[in-house]
*Asks:* 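There's a structure below that I have some questions on.
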Amino acid sequence: MTVITDYIEDTDVKQQPQLTAMYQILKKLLPEATEKMSYGMPAFHQGKDIVYFAAMQNHLGFYPTSTPIIQFEDDLEGRYKYSKGAIQFDYNKPLPADLITKMVQFKLDEIQHK
């Protein structure tokens with residue numbers, strides 16, 4: 001068990017499949033990252049916090065910070081609700097694993113080249 005799997009286990013059973021899927025995607029993309037809780041949300045940290053996610057009442061909140069959202073805004077527009085630092089993924093739809101992968105890789109590359 002990790003702090004993130006404990007978090008997922010404590011959420012509503014209806015939210016757990018999406019949270020588990022997000023966790024598995026991020027774990028695969030970030031095998032060297034430390035898992036922690038930050039701002040009350042699961043986070044992956046590798047030199048800096050890379051990405052956060054959280055169970056919200058009606059959606060899974062994904063927080064890759066602002067630069068990946070700006071970079072991939074064309075992929076988000078018209079498909080997902082999003083703001084400067086957050087994206088909402090509907091619990092009743094499959095997660096966009098390819099988009100999540102691109103955003104996390106972009107963020108990781110950004111951190112490593114600063």
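Hydrogens, waters and symmetry mates play no part in the numbers below; they use all other heavy atoms, side chains included.
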*Asks:* Quick one: CG on Leu108 to CG on Leu30, what's the gap to the nearest 0.5 Å?
*Replies:*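 Atom-to-atom, Leu108:CG and Leu30:CG are 6.0 Å apart.
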*Asks:* Donor-acceptor check, side chain of Thr5 to backbone of Met1, threshold 3.5 angstrom: yes or no?
*Replies:*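 Side chain of Thr5 to backbone of Met1, a donor-acceptor pair under 3.5 Å: no, none is there.
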*Asks:* Any chance CG of Asp10 has more than 12 other-residue heavy atoms, nucleotides or ligands included, within less than 6.0 Å?
*Replies:* yes
*Asks:* Starting from the C-alpha separation in whole Å, work towards a yes-or-no answer on side chain to side chain contact (heavy atoms under 4.5 Å, CB included) for Gln88 and Phe62.
*Replies:* CA-CA 6 Å; Gln88 297 179 9; Phe62 180 61; over 6 Å; no
*Asks:* Just verifying a value: how many Å separate Ser66 OG and Gln71 CD, rounded to the nearest 0.5 Å?
*Replies:*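 Answer rounded to 0.5 Å: 11.5 Å.
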*Asks:* Checking the side chain of Gln15 only, and the main-chain atoms of Met56 only, is there a donor and an acceptor separated by less than 3.5 Å?
*Replies:*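 Answer holds: yes.
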*Asks:* Any carboxylate oxygen within less than 4.0 angstrom of a Lys/Arg side-chain nitrogen, looking at Asp90 and Lys81?
*Replies:*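 Salt bridge: no.
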*Asks:* Answer yes or no: is there a donor N or O on one side and an acceptor on the other, between the side chain of Tyr7 and the main chain of Ala54, under 3.5 Å?
*Replies:* no
*Asks:* Are there over 12 heavy-atom neighbours, none belonging to Asp12, within less than 6.0 Å of that residue's CG?
*Replies:* yes
*Asks:* Which atom names give the shortest non-hydrogen contact between Ala55 and Leu19, and what distance separates them?
*Replies:*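 Shortest heavy-atom separation between Ala55 and Leu19 comes out as CB-CD1, 3.7 Å.
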*Asks:* Between atom CD1 of Ile87 and atom OH of Tyr63, what is the distance when rounded to the nearest 0.5 Å?
*Replies:* 10.0 Å
*Asks:* Taking side chain to side chain donor-acceptor pair (under 3.5 Å) as the test, write out the residues that go with Glu35, two or more places apart.
*Replies:*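 Testing Glu35 for side chain to side chain donor-acceptor pair (under 3.5 Å), a comparison that skips the adjacent residues, returns Thr2, Tyr23, Lys27.
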*Asks:* Rounded to the nearest 0.5 Å, what separates atom NE2 in His59 from atom CG in Asn92?
*Replies:*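 Taking NE2 in His59 and CG in Asn92, the distance rounds to 13.0 Å.
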*Asks:* Taking all atoms of both residues into account, what is the closest heavy-atom pair of Val51 and Pro64, and its distance?
*Replies:*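 Val51 and Pro64 have their closest heavy atoms at CG2-CA, 3.9 Å.
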*Asks:* Using atom types as modelled and distance alone, determine if a side-chain donor or acceptor of Gln18 lies under 3.5 Å from a backbone N or O of Leu60.
*Replies:* no
*Asks:* Atom CG of Leu26 and atom CD1 of Ile100: how far apart are they, to the nearest 0.5 Å?
*Replies:*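 Going from the CG atom of Leu26 to the CD1 atom of Ile100 covers 7.0 Å.
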*Asks:* Decide yes or no for Pro42 and Met37: does some side-chain heavy atom of the first lie under 4.5 Å from some side-chain heavy atom of the second?
*Replies:*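 Yes, close enough: below the 4.5 Å cut-off.
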*Asks:* Does the plane of the ring in Phe106 sit parallel, tilted or perpendicular to the ring in Phe72? Use 30° and 60° as the thresholds.
*Replies:* perpendicular
*Asks:* Report yes if the side chains of Leu95 and Met22 come closer than 4.5 Å at any heavy-atom pair, otherwise no.
*Replies:* yes
*Asks:* With distance as the sole criterion, is a donor-acceptor pair present between the side chains of Glu110 and Thr67 under 3.5 Å?
*Replies:*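 Yes - a donor-acceptor pair under 3.5 Å links their side chains.
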*Asks:* Specify the closest pair of heavy atoms between Val3 and Lys36, including all atoms of both residues, with the distance to one decimal.
*Replies:*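 Heavy-atom minimum between the residues: CG2-CA, 3.7 Å.
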*Asks:* Tell me, please, which residues at least two apart from Phe53 pass ring-ring contact (aromatic ring centres under 6.0 Å, His included).
*Replies:*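 In terms of ring-ring contact (aromatic ring centres under 6.0 Å, His included), with neighbours along the sequence ignored, Phe53 is linked to no residue.
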*Asks:* Closest heavy-atom contact between Ala97 and Ile25?
*Replies:* CB-CD1, 3.9 Å
*Asks:* Considering only heavy atoms from C-beta outward, does the side chain of Tyr80 approach that of Asp75 to under 4.5 Å?
*Replies:*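 Heavy-atom side-chain distance check fails, nothing below 4.5 Å.
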*Asks:* Measure the shortest side-chain to side-chain distance between Leu76 and Leu99 over non-hydrogen atoms and say whether it is less than 4.5 angstrom.
*Replies:* yes
*Asks:* For the atom pair CG (Asp49) and NZ (Lys107), what is the distance rounded to the nearest 0.5 Å?
*Replies:* 9.0 Å
*Asks:* Please list, chain by chain and in numerical order, all residues satisfying ring-ring contact (aromatic ring centres under 6.0 Å, His included) with Phe44, sequence neighbours excluded.
*Replies:*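 Once residues adjacent in sequence are excluded, Phe44 has no partner under the ring-ring contact (aromatic ring centres under 6.0 Å, His included) criterion.
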*Asks:* Given 3.5 Å as the limit, does a donor-acceptor pair link the side chain of Gln16 with the main chain of Ile8, or not?
*Replies:*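 Yes; at least one donor-acceptor contact below 3.5 Å.
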*Asks:* Quick one: does Ile69's side chain get under 4.5 Å of Met103's, heavy atoms only?
*Replies:*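 Sidechains of Met103 and Ile69: in contact.
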